[in-house]
There are 4 protein chains.
Amino acid sequence: MPRTPEAYEKIRKQSSERLLTAALDLFIKKGYHSTSIEEVTKLAQVSKGLLYHYYQGKEGLLEAMIQMRIENLRAVMDGALTKRTPKEKLCHIAEGTLDNVFQNPELYRFYMNLQTQPHQDQVLAKYADILKKEFERNFEIQSRIFEMLGIQDPRKRSLLFSSTLNGIMLMICSYPDHFPIEEMKSQVIEEFCK
Amino acid sequence: MPRTPEAYEKIRKQSSERLLTAALDLFIKKGYHSTSIEEVTKLAQVSKGLLYHYYQGKEGLLEAMIQMRIENLRAVMDGALTKRTPKEKLCHIAEGTLDNVFQNPELYRFYMNLQTQPHQDQVLAKYADILKKEFERNFEIQSRIFEMLGIQDPRKRSLLFSSTLNGIMLMICSYPDHFPIEEMKSQVIEEFCK
Amino acid sequence: MPRTPEAYEKIRKQSSERLLTAALDLFIKKGYHSTSIEEVTKLAQVSKGLLYHYYQGKEGLLEAMIQMRIENLRAVMDGALTKRTPKEKLCHIAEGTLDNVFQNPELYRFYMNLQTQPHQDQVLAKYADILKKEFERNFEIQSRIFEMLGIQDPRKRSLLFSSTLNGIMLMICSYPDHFPIEEMKSQVIEEFCK
Amino acid sequence: MPRTPEAYEKIRKQSSERLLTAALDLFIKKGYHSTSIEEVTKLAQVSKGLLYHYYQGKEGLLEAMIQMRIENLRAVMDGALTKRTPKEKLCHIAEGTLDNVFQNPELYRFYMNLQTQPHQDQVLAKYADILKKEFERNFEIQSRIFEMLGIQDPRKRSLLFSSTLNGIMLMICSYPDHFPIEEMKSQVIEEFCK
DNA sequence: TATGAATGAGCGTTCATTCAT
DNA sequence: TATGAATGAACGCTCATTCAT
């Protein structure tokens with residue numbers, strides 16, 4: 001009884017997702033360089049060879065993770081753009097960004113680690129660059145929102161806003177327990193969105 | 001006839017510094033894991049074995065770098081404590097911190113990368129922890145300065161101050177060129193030290 | 001399409017045995033410390049990496065050899081226990097032990113070398129200890145056989161018996177050619193098993 | 001004030017003896033291969049370079065130790081030859097040999113380890129051979145003593161005697177505590193020297 | 001006589017990737 | 001689609017020995 005195409009598709013999806021989940025888990029816990037393919041496939045309960053069917057090796061797994069981060073960045077920005085007033089837009093950016101981090105600090109710690117990767121690391125720097133492009137794109141959009149708000153020097157203000165958000169993200173990742181997320185959020189919103 | 005102790009000391013200093021400089025250079029450029037001992041010793045123009053005379057292996061070099069960072073953190077804080085008024089103290093912290101980063105963004109990129117290292121990385125996490133301890137010590141001192149300023153919830157304010165500083169550091173490291181350092185500094189000082 | 005589990009099993013057995021045989025050969029000829037992994041894998045006609053698939057490094061190979069020695073010690077003692085009279089039991093121990101050594105003096109030279117390893121050798125001492133435990137276990141059994149024989153001080157006699165056997169083993173290992181094994185055996189049996 | 005030749009000689013002797021004592025100590029404790037020159041010179045409180053003035057490197061230290069063993073073997077045999085009757089001579093061999101071992105089991109453990117060294121170990125086998133020659137010389141003398149005693153097959157008896165002695169030595173080295181040295185000695189003397 | 005900085009070959013081990021099945 | 005045995009370059013590190021002083 002040959003499998004139906006749908007059954008194949010299901011199997012494919014299951015294996016590749018298990019692989020990605022395992023890689024995500026381990027990259028976050030141990031870091032990219034310190035995680036071996038062996039560990040990933042063992043955790044995913046899949047053979048080593050199969051990994052190379054679904055991904056372009058270890059780097060392919062990382063790329064898939066980056067793709068998730070980009071989608072997540074865009075979701076926040078897209079969400080902001082559906083809001084009516086500039087203030088609400090900024091509020092959404094601040095809240096969306098910080099809530100995401102707060103829900104999974106380890107994951108964001110990994111992303112921030114990637115962002116700060118040395119420029120010449122043969123593997124990671126490439127993905128740091130991809131993320132950087134995405135941030136720049138978002139920065140432009142955000143600056144225009146500040147402009148709409150009538151701020152004098154919208155790009156400078158936008159830069160401080162991003163810096164503050166980034167700084168809080170870093171703090172959440174460094175001290176995930178006991179971090180007074182709500183108080184920080186309200187201080188930021190008070191400062192930038194009022 | 002052996003050399004004089006002073007002559008030996010001079011030789012030792014020269015070699016160990018060459019080694020540390022080379023390691024610093026490469027760790028910053030390529031990252032710790034992606035830098036090999038061979039590269040370090042080649043850049044330092046020294047044999048592989050000699051590295052182990054002066055440092056406890058690759059990790060020893062990293063430790064020496066961390067020590068430099070700690071000394072630099074303490075220098076900023078000690079400098080702040082010599083100032084008279086709380087406002088001047090905070091100003092010194094903000095300026096000292098950001099100026100350091102601005103002068104050598106790549107180096108601080110490395111330190112921030114270290115800070116965001118996954119917790120289970122067998123080598124790096126250890127040094128991330130050491131730095132974290134140092135930050136916590138500084139945070140306490142800084143909170144007391146905010147207290148002296150008569151701020152209502154000094155720890156919360158201190159946390160936002162640190163977050164903002166950290167965020168700007170991250171931005172400087174990510175976009176070292178064209179970063180409007182002075183404008184950012186004045187915005188921060190306006191916000192927290194006035 | 002993957003191979004059948006049996007096919008994999010066969011491949012594994014072949015490679016791991018080739019590796020163990022090569023290691024045994026070289027450890028015996030050149031000693032543990034003086035044999036390199038490179039030599040072992042070259043003799044086994046296998047890549048360096050494969051060794052680590054099958055054994056826990058160099059030490060794992062040694063452990064496998066020790067396991068063989070332990071099994072061989074137990075076989076002699078188990079054989080002795082199937083004999084009816086105490087005299088026959090002792091005879092079996094003497095003959096079994098010495099015949100084994102005579103058949104492969106170089107191997108036993110290696111084991112005796114291991115036994116006399118300095119206590120602080122970081123690798124070998126551990127295995128010397130494991131063997132020691134096994135000898136002590138056998139000594140107890142052997143002492144009880146002497147007891148059954150009605151000897152006055154069975155433990156002392158058992159100790160001299162073991163000493164003599166060990167001494168002859170040492171001599172066989174040192175002078176494997178022309179060693180009058182049969183004459184020695186009969187002197188020992190005359191002395192202890194009559 | 002230049003040193004007198006005697007003073008020089010004293011310094012020489014002191015340094016070279018300190019070196020030998022340190023090497024002896026460490027070789028016994030950790031084994032030849034597992035002891036580094038660095039450790040030896042550190043323990044002897046002498047520079048690395050100086051070692052090479054007094055000895056032909058690491059191997060030279062080993063050679064000096066072997067020389068000590070040979071002198072000690074000869075002393076026992078020479079002592080035996082001063083005795084009047086063959087029985088007394090054999091007694092002296094047995095007692096002299098075993099007492100030496102009992103007084104410093106670790107040292108003899110090292111010598112026995114050397115004796116059982118694999119034949120192709122590039123360093124140690126050479127010294128195993130030197131010792132072997134010495135044993136053969138002693139064996140001839142000892143066999144003649146058994147001949148004088150009127151034993152039928154003196155060489156066979158001499159061989160068993162040596163074997164037994166060696167076996168007891170091995171036991172003492174393996175179980176230096178609680179070893180009933182006197183009982184063993186008397187059993188041997190009873191068996192061979194009466 | 002005496003020092004210890006310097007060397008570099010060699011070691012045991014890891015791991016991303018390939019490929020016959 | 002799926003397996004896991006096999007590879008080999010690269011790694012961090014050790015250490016006996018040399019040599020300028």
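Letters A, B, ... mirror the listed sequences (proteins, then strands); counts begin at 1.
Scored by the side-chain hydrogen bond (donor to acceptor under 3.5 Å, both in side chains) test, Arg12(B) finds Glu9(B) as partners (sequence neighbours excluded). Listed by chain and residue number, Glu38(A) satisfy the side-chain contact (heavy atoms from CB on, under 4.5 Å) test with Lys42(A) (two or more places apart in sequence, or in another chain). In this structure, the side-chain hydrogen bond (donor to acceptor under 3.5 Å, both in side chains) partners of Arg69(D), at least two apart in sequence or on a different chain, are Asn72(D). In this structure, the ring-ring contact (aromatic ring centres under 6.0 Å, His included) partners of Tyr111(A), at least two apart in sequence or on a different chain, are Tyr108(A). Applying the side-chain contact (heavy atoms from CB on, under 4.5 Å) criterion to Ile70(A), with sequence neighbours excluded, gives Ile66(A), Gln67(A), Arg74(A), Ile130(A), Leu131(A), Glu134(A). Every residue was checked against the side-chain hydrogen bond (donor to acceptor under 3.5 Å, both in side chains) condition with Ser47(A), not counting sequence neighbours, and none meets it.
Residues from residues 12-23 of chain C lying near DNA chain F, meaning a heavy-atom separation below 4.0 Å, are Arg12(C), Ser15(C) in numerical order. Contacts between residues 121-129 of chain C and DNA chain F, defined by a heavy-atom separation below 4.0 Å, involve no residue at all.
In this structure a side-chain-to-backbone donor-acceptor pair under 3.5 Å is present from Arg18(D) to Ala44(D). Under the 3.5 Å distance criterion, the side-chain polar atoms of Glu39(D) are matched with a main-chain donor or acceptor of Ser36(D).
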Please report the C-alpha distance between Lys48(C) and Ile37(C) in whole Å, then the side-chain angles of each, then the deciding distance to 0.1 Å, and finally whether the side chain to side chain contact (heavy atoms under 4.5 Å, CB included) criterion is met. CA-CA 7 Å; Lys48(C) 249 200 274 191; Ile37(C) 290 292; 4.0 Å; yes

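The nearest whole Å value for the distance from the OH atom in Tyr55(A) to the C1' atom in dA2(F) is 16 Å. Whole-Å rounding puts the Lys30(A) NZ to dC15(E) C1' distance at 13 Å. At whole-Å resolution of the value, CD in Gln45(D) and P in dT3(E) are 11 Å apart. Rounded to whole angstrom, the span from the CG atom of Leu62(B) across to the P atom of dC13(F) amounts to 12 Å. The distance between atom CD of Glu39(B) and atom C1' of dA10(F), rounded to the nearest whole Å, is 11 Å. Atom CG in Leu61(B) sits roughly 15 Å away from atom C1' in dC11(F) (whole-Å rounding).
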Each nucleotide of nucleotides 16-21 of chain E classed B (base within 4.0 Å of a protein heavy atom), S (only sugar-phosphate) or -, in 5' to 3' order, makes SBBBBB

Could you pull out every donor-acceptor pair under 3.5 Å between side chains of residues 49-60 of chain C and any protein atom, sequence neighbours left out?
unit_1   : atom_1 : unit_2    : atom_2 : d
Tyr55(C) : OH     : Ser16(C)  : O      : 2.8
Lys58(C) : NZ     : Tyr32(C)  : O      : 3.1
Lys58(C) : NZ     : Thr35(C)  : O      : 2.8
Glu59(C) : OE2    : Lys126(C) : NZ     : 3.3
Glu59(C) : OE2    : Tyr127(C) : OH     : 3.2

Under 3.5 Å, sequence neighbours excluded: what are the donor-acceptor pairs made by side chains of residues 114-125 of chain A?
unit_1    : atom_1 : unit_2    : atom_2 : d
Thr116(A) : OG1    : Met112(A) : O      : 3.1
Thr116(A) : OG1    : Asn113(A) : O      : 3.0
Thr116(A) : OG1    : Asn113(B) : ND2    : 3.1
Gln117(A) : NE2    : Asn113(A) : O      : 3.1
Gln117(A) : NE2    : Asn113(A) : OD1    : 3.4
His119(A) : ND1    : Glu106(B) : OE1    : 3.1
Asp121(A) : OD1    : Val123(A) : N      : 2.9
Asp121(A) : OD1    : Leu124(A) : N      : 2.9
Asp121(A) : OD2    : His33(A)  : NE2    : 3.0
Asp121(A) : OD2    : Ser34(B)  : OG     : 2.8

Nucleotide pairing, DNA chain E (Watson-Crick or G-U, distances under 3.5 Å), in dot-bracket with [ ] and |: .||||||||||||||||||||

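Comparing Val46(C) and Leu51(A) by the nucleotide of DNA chain F whose heavy atom lies nearest to each, the residue mapping closer to the 5' end is Leu51(A).
When the side-chain nitrogen and oxygen atoms of Tyr54(C) are compared with OP1 and OP2 of dA6(F), one or more of them lie within a distance under 4.0 Å.
Contact of the Leu24(B) side chain with the Leu61(B) side chain is not registered, since no non-hydrogen atoms from C-beta on lie closer than 4.5 Å.
More than 12 heavy atoms of other residues, nucleotides or ligands lie within 6.0 Å of NZ in Lys132(B), so this atom counts as buried by the packing criterion.
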